[in-house]
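Computed from a predicted structure; not experimentally measured.
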Amino acid sequence: MGAISLHSANNTAHPCILDFHHIMATSTPAWTNGDLYTWVGPTTGGNWSDVSNWSYDGAPATHVPDTQTNQGTVTIPSGVTVTVSSATSTLSGVNIKVAGTLDIASGTSALAVNNLEVASGGTANIQRPLTANNVLQVDNGGTATFANVSQDWSGYPGLKPSIATGGTLNFDNSNITLGSVSGSGIAGNLNISNGSTVKTASNSTTITGPITVNGAGTSFTDSSALQSTLTLNDGAKATITTNSPC
């Protein structure tokens, strides 16, 4: 709109000028930097979308960490369980570090995050497709479980896992196509169970950690750079099309 001149009763210009551009710029809220968010909600039953569960820079938050969080890092503390409800579709501005438990509820759309790191002692329970601008990172001692999820990680939007030695990636009743990996590749434990179907899309999937496939109707199909041990239990099946030391 630009500047507006104020006029007096005799229609002469008033020396006071209101600059609406300046007003809008100075009113930009300060909550867009996510690393200042702190969880202050309950240790169990906490809802990510409830603003009363967050503080921002020591004061009550006016917004939850969301797509506008400008790639700051939000940590779920040890001993705390936080749920991302099915109503939340994007946290694409948020780096999430899970030292406690993060439950991502089932929903009709994928959940977008900037980065999801499951730290040592942390647990992420994921019940819908997940996309990350960066990676799904599971550290030594961390566990990520996908339950009832169907997703092609080799497509777009996909997911690049980095599972460190000592980390665990579980697939429970899920249908997953693995694509490119990042960082450590899949160097930790890969557990496939409860009727899951997991396959690799290409040689871009580097798996060096142990693979365990459990239960009838559960299968693993590999056409990648597999450098791992493979264990089949209780009628599980595997198809290996690479020269791997299984």
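- When atom types are taken as modelled, the side chain of S196 and the backbone of N173 share a donor-acceptor pair closer than 3.5 angstrom.
- Of all non-hydrogen atoms in L230 and A238, the two that sit nearest each other are CD2-CB, 3.6 Å.
- The ring-ring contact (aromatic ring centres under 6.0 Å, His included) analysis of residues 168-194, with sequence neighbours excluded, yields the pairs F146-F171, W153-F171.
- From L111, atom CG reaches atom CG of L116 across 9.0 Å, with rounding to the nearest 0.5 Å.
- For S78, there are no side chain to side chain donor-acceptor pair (under 3.5 Å) partners at least two apart in sequence or on another chain.
- The list of ring-ring contact (aromatic ring centres under 6.0 Å, His included) pairs with a residue in residues 87-122, not counting sequence neighbours, is empty.
- For S150, there are no side chain to side chain donor-acceptor pair (under 3.5 Å) partners at least two apart in sequence or on another chain.
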Could you tabulate the donor-acceptor pairs under 3.5 Å formed by side-chain atoms of residues 182-193, not counting sequence neighbours?
from, atom 1, to, atom 2, distance (Å)
N189, ND2, G167, O, 3.4
N189, ND2, T168, OG1, 3.4
N191, ND2, N170, OD1, 3.0

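- Summarising the geometry of T69 relative to D66, their closest heavy-atom pair is OG1-N, 2.7 Å, with the distance given to 0.1 Å.
- Taken to the nearest 0.5 Å, the CG atom of L178 stands 9.5 Å off from the CG atom of L159.
- Atom CD1 of I76 is separated from atom OG1 of T123 by 12.5 Å, given to the nearest 0.5 angstrom.
- Distance check, rounded to the nearest 0.5 Å: OH of Y37 to CH2 of W54 gives 8.5 Å.
- V40 and V80 end up in different hydrophobic clusters when Ile, Leu, Val, Met, Phe, Trp and Tyr side chains are linked at under 4.5 Å.
- Of all the heavy atoms in L136 and I163, the pair that sits closest is O-CD1, 4.5 Å.
- Contacts of T108 classified as side chain to side chain contact (heavy atoms under 4.5 Å, CB included), with partners at least two apart in sequence or in another chain: none.
- In this structure, CG in D50 is found 12.0 Å from OG1 in T83, a value given to the nearest 0.5 Å.
- For S120, the side chain to side chain contact (heavy atoms under 4.5 Å, CB included) criterion is met by no residue, not counting sequence neighbours.
- In this structure, S174 contributes its side chain and V149 its backbone to a donor-acceptor pair below 3.5 Å.
- Side-chain contact between T239 and D222: absent, with no pair of heavy atoms (C-beta onward) separated by less than 4.5 Å.
- Using modelled atom types and a 3.5 Å distance limit, the side chains of T67 and S92 yield a donor-acceptor pair.
- Side-chain atoms of S55 never come within 3.5 Å of backbone atoms of P60 as a donor-acceptor pair (strictly under, hydrogens ignored).
- Residue A144 comes nearest to V118 through the heavy atom pair CB-CG2, 4.4 Å, listed as atom of the first residue, atom of the second, then distance.
- The distance from the CD atom of Q71 to the CG atom of N114 is 4.0 Å, given to the nearest 0.5 Å.
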Show me the donor-acceptor pairs, under 3.5 Å and distance only, between side chains in residues 96-107 and residues at least two apart or in other chains.
from, atom 1, to, atom 2, distance (Å)
D103, OD1, N125, ND2, 2.8

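- Between N53 and W39 the shortest side-chain heavy-atom distance falls below 4.5 Å.
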Should T200 and T221 be marked as a side chain to side chain contact (heavy atoms under 4.5 Å, CB included) after you check the CA-CA gap, both sets of side-chain angles, and the distance that decides it?
-> CA-CA 7 Å; T200 59; T221 301; over 6 Å; no

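- Side-chain contact between K237 and T218 is absent, with no heavy-atom pair separated by less than 4.5 Å.
- Scanning for side chain to side chain donor-acceptor pair (under 3.5 Å) contacts around N233 gives N214, with sequence neighbours left out.
- Applying the side chain to side chain contact (heavy atoms under 4.5 Å, CB included) rule to S89 yields the partners S109; only residues at least two apart in sequence or on another chain are considered.
- N115 pairs by the side chain to side chain contact (heavy atoms under 4.5 Å, CB included) definition with N95, E117, N134, V135, not counting sequence neighbours.
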Apply side chain to side chain contact (heavy atoms under 4.5 Å, CB included) to I211 and F220, showing your working.
-> CA-CA 9 Å; I211 305 169; F220 173 69; 3.9 Å; yes

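- Listed for the W48 side chain is a donor-acceptor partner under 3.5 Å among the backbone atoms of P65.
- In this structure a side-chain-to-backbone donor-acceptor pair under 3.5 Å is missing from Q227 to T206.
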Should S219 and T197 be marked as a side chain to side chain contact (heavy atoms under 4.5 Å, CB included) after you check the CA-CA gap, both sets of side-chain angles, and the distance that decides it?
-> CA-CA 5 Å; S219 67; T197 300; 3.7 Å; yes

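- Looking at V84 and R128, their side chains come closer than 4.5 Å, going by heavy atoms from C-beta outward.
- D57 pairs by the side chain to side chain donor-acceptor pair (under 3.5 Å) definition with nothing, not counting sequence neighbours.
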